[in-house]
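Below is one structure, written out as structure tokens; comments come after it.
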Number of protein chains: 4
Amino acid sequence: MKEDQTRRRRPRSDGRKNRERLLETARTAFGSGEIDIPLDEIARRTGVGIGTLYRHFANRDALIEAVYRDELNRLAAAATRLAETHAPVEALRAWLNLFVDYIATKQVIAPALNSLIGGTDAIYADSRTVLTAAVGGLVTRAIESGDIRPDIEPVDLLCALGGVSNYATGPGWEPRAKRLVDVLIAGSRPEG
Amino acid sequence: MKEDQTRRRRPRSDGRKNRERLLETARTAFGSGEIDIPLDEIARRTGVGIGTLYRHFANRDALIEAVYRDELNRLAAAATRLAETHAPVEALRAWLNLFVDYIATKQVIAPALNSLIGGTDAIYADSRTVLTAAVGGLVTRAIESGDIRPDIEPVDLLCALGGVSNYATGPGWEPRAKRLVDVLIAGSRPEG
Amino acid sequence: MKEDQTRRRRPRSDGRKNRERLLETARTAFGSGEIDIPLDEIARRTGVGIGTLYRHFANRDALIEAVYRDELNRLAAAATRLAETHAPVEALRAWLNLFVDYIATKQVIAPALNSLIGGTDAIYADSRTVLTAAVGGLVTRAIESGDIRPDIEPVDLLCALGGVSNYATGPGWEPRAKRLVDVLIAGSRPEG
Amino acid sequence: MKEDQTRRRRPRSDGRKNRERLLETARTAFGSGEIDIPLDEIARRTGVGIGTLYRHFANRDALIEAVYRDELNRLAAAATRLAETHAPVEALRAWLNLFVDYIATKQVIAPALNSLIGGTDAIYADSRTVLTAAVGGLVTRAIESGDIRPDIEPVDLLCALGGVSNYATGPGWEPRAKRLVDVLIAGSRPEG
DNA sequence: CATGAATGAGGGTTCATTCAT
DNA sequence: GATGAATGAACCCTCATTCAT
């Protein structure tokens, strides 16, 4: 696993591009709720053979995992950035809104969330850590600054937002999810 | 003679009982996250032949729909009852907690919620109406009594709770979902 | 699970016949050297759907195993019969000739033999026992009657014959295999 | 793996050497029973690209054939040598033991034997000639010297030994195969 | 009404072979 | 010459659905 990095020859530029494009197709498909999309179809939409898909991703799970990991890394990076540039509550609010944006078109986060609490799937262990760390840090800062109650469970905020974006896929759902961000933050105030 | 018996008797109790037991098996399975359980397996667990399952439910979707409708009806009934016996906010809070209880063991609600806003699946049209009416009524009463802001979208409360119960399947998730009920109501107050 | 035994109904005569016919097709195919015949093709030749094949045999290995077991049982039965009706050496000779007849058209025995000594596949444990017992008994009798040397390894006789029938599939190979039976017995005599 | 590094520097590997090494890898693999080893894997183990394998061997069959031909040539050479240095029966016995040694680790001979009699595969025509000539010559000498019966079919001796080495892959099989050489020669004596 | 054998489309995966670099 | 990415046919297996008994 780790040594793969070391050992693996530099992929041809073609190969890299294909990997990227397959990920993109998968991300889009999963995001549109086509969770059961056949791998054949992903390959077809990407314009490559099914064998090429398998060259890049050992099996269905590997592809799904890659999509997750990708998304989560972007979110984690954003958390760090926001913490450095905003006041505690606003950083949290901004990141939650970003979180909404991400899961907006890509419900891919779901399975990662799924394992946030009792997940047994070892594959998501990393993902869990990454995401938990991201919200956790922002919430801690907001607790320390006295803007939200200390008994708030960071992960639950994500779950709640995940719920909205998950169940509400129609047009106009996004503003509503963002309004929920405000409700959640308001409800989490010390006096709240 | 014979005709008398035919005419007079209501559908065999056997048939009814089987239908009920199949529903129960399916509900339990779906609730345990076994969303992809084969129909064969549902029949087997129920102790009937697969043909019997098909006698009662035309196809997989019909079975799933029946499970949904069943659950939703119970929730709707509870909403009515609570509205008659509790103060507005408390009725809402109580019903949301009940909602949590339901989805606790049965995430089956998910797909129904899924179509709450933009769903195109005609099958859930009824379900949607039922559920929307249930929360809608309770929220309206709470708005009228001035306990929550008028711009709160009832359905979003459900989505948020659905998210927690959906993503958090481990032990101890339930108290957390109920704490979220309080956060949501607190965040929905006029001054919130 | 446990109740399976209890619950299992007598297979329909249809089902039985299909199972028998699938076995027959498989036996013939394997025997003709078509060891890699796709299961699809076996189903097609039998005139049933692929699903039917899978209803009777859980997977490729299960089918192969069934064919083996079938053959071996017949051979075992023959050994018992011959021991009761022939003099020791002649019983052995007759059975070896029979063995030739069997493997003549069905190299299916190969894998079973394969595990006779160092085989690790648990599936063939039974088969091994059956076959070893069959020759073993006959050879022991011949040793006791002083017709063959005590250091003869029964299984090797089978391997040798298996080799001929395995490698020599052309016309006229059968008389040669039977001549080998005589060579082997002659070479196994005390004075030999 | 590690050898990657070693290999990498080599500016232009000698075509001959690659061919040789690929043959060696294939021989070893086939000999270990990995009859279905993917060509990818053979290339990988050899430390060359799959394309290189295809440069040397037009397709899977060509590689297999090359392995066979190689082995058979060595056996043929040994037959000539032994005939010049041993008495007839002993030359035969020695060669048969050698034959055992060869097939000991390499069951590759099997398919070649397979076509010894009725094989229709044109590719093995040569191989057949080579092998038949080798045993044939030795047996003829032994018949002429009166040490074995004239009705012995040389090829059957090989088949028998092939059977043992083929089916008996466990430890200790080799002495047994050699004991069978003696049984076969004893059983082939004129008075046998 | 109940049963379960039969069906076959379709999904995941493997691997021989080709070909652009 | 060498490389390895790409291809896709073909295989194993699952499962929703039908229908004869």
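To find a chain, count down the sequence lines: A is the first, B the second, and so on, and within it residues start at 1. What you see is a predicted model; the values in this text were computed from it and never measured.
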>> Go through it in stages, so that I can follow the logic: the residues are A/Lys17 and A/Glu20, the test is side-chain contact (heavy atoms from CB on, under 4.5 Å), and I'd like the CA-CA distance, side-chain angles, deciding distance and then a yes or no.
In response: CA-CA 5 Å; A/Lys17 205 174 298 176; A/Glu20 231 49 55; 5.5 Å; no
> How far apart are the C-alpha atoms of D/Asp61 and D/Glu65, what are their side-chain angles, what is the distance that settles it, and do they pass the side-chain contact (heavy atoms from CB on, under 4.5 Å) test?
Replying inline: CA-CA 6 Å; D/Asp61 282 350; D/Glu65 188 194 346; over 6 Å; no
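Minimum interatomic distance between C/Val67 and C/Ala26 (heavy atoms only, all atoms of both residues): CG2-CB, 3.9 Å. Taking all atoms of both residues into account, the shortest heavy-atom contact from A/Ala66 to A/Phe57 is CB-CE2, 3.7 Å. Residues A/Ala58 and A/Ala62 share a closest heavy-atom pair of N-CB, 3.8 Å.
Residues forming a side-chain contact (heavy atoms from CB on, under 4.5 Å) with B/Thr25 (at least two apart in sequence, or on another chain): B/Ile42, B/Arg45, B/Thr46.
Between C/His56 and E/dA6 there is a side-chain polar atom (N or O) within less than 4.0 angstrom of OP1 or OP2. Here B/Asn18 reaches the OP1 or OP2 of E/dA2: one of its side-chain N or O atoms lies under 4.0 Å away.
Rounded to the nearest 0.5 angstrom, D/Leu23 CG and D/Phe30 CZ are separated by 9.5 Å.
A salt bridge links A/Glu24 with A/Arg27: the closest approach of a Lys/Arg side-chain nitrogen to an acidic carboxylate oxygen falls below 4.0 angstrom. Ion pairing between D/Glu41 and D/Arg44 holds under the 4.0 Å rule for side-chain N and carboxylate O.
Taking atom CD1 of B/Ile42 as the reference point, atom P of E/dG4 lies 17 Å away to the nearest angstrom. For C/Leu53 and F/dT14, the CG to P distance is 12 Å, given to the nearest whole Å. For A/Arg44 and F/dG8, the CZ to P distance is 13 Å, given to the nearest whole Å. Summarising the geometry, the separation between CG on D/Asn59 and C1' on E/dT17 is reported as 9 Å, rounded to the nearest angstrom. Distance, A/Arg19 CZ to F/dA6 P: 12 Å, rounded to whole Å. Distance, B/Asp61 CG to F/dT17 C1': 13 Å, rounded to whole Å. In this entry the distance linking CD of C/Glu41 with P of F/dC11 reads 9 Å, nearest Å. What separates CD of C/Glu34 from P of F/dC11 is a distance of 12 Å, to the nearest Å.
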Identify the pairs formed between an N or O of the protein and an N or O of nucleotides 8-11 of chain E at a distance under 3.5 Å, and give each distance.
from: E/dG8; atom 1: N7; to: C/Gly51; atom 2: N; distance (Å): 3.3

> If you write DNA chain E from 5' to 3' in dot-bracket form, with Watson-Crick or G-U pairs under 3.5 Å, [ ] for crossing pairs and | for pairs with another strand, what do you get?
Replying inline: .||||||||||||||||||||
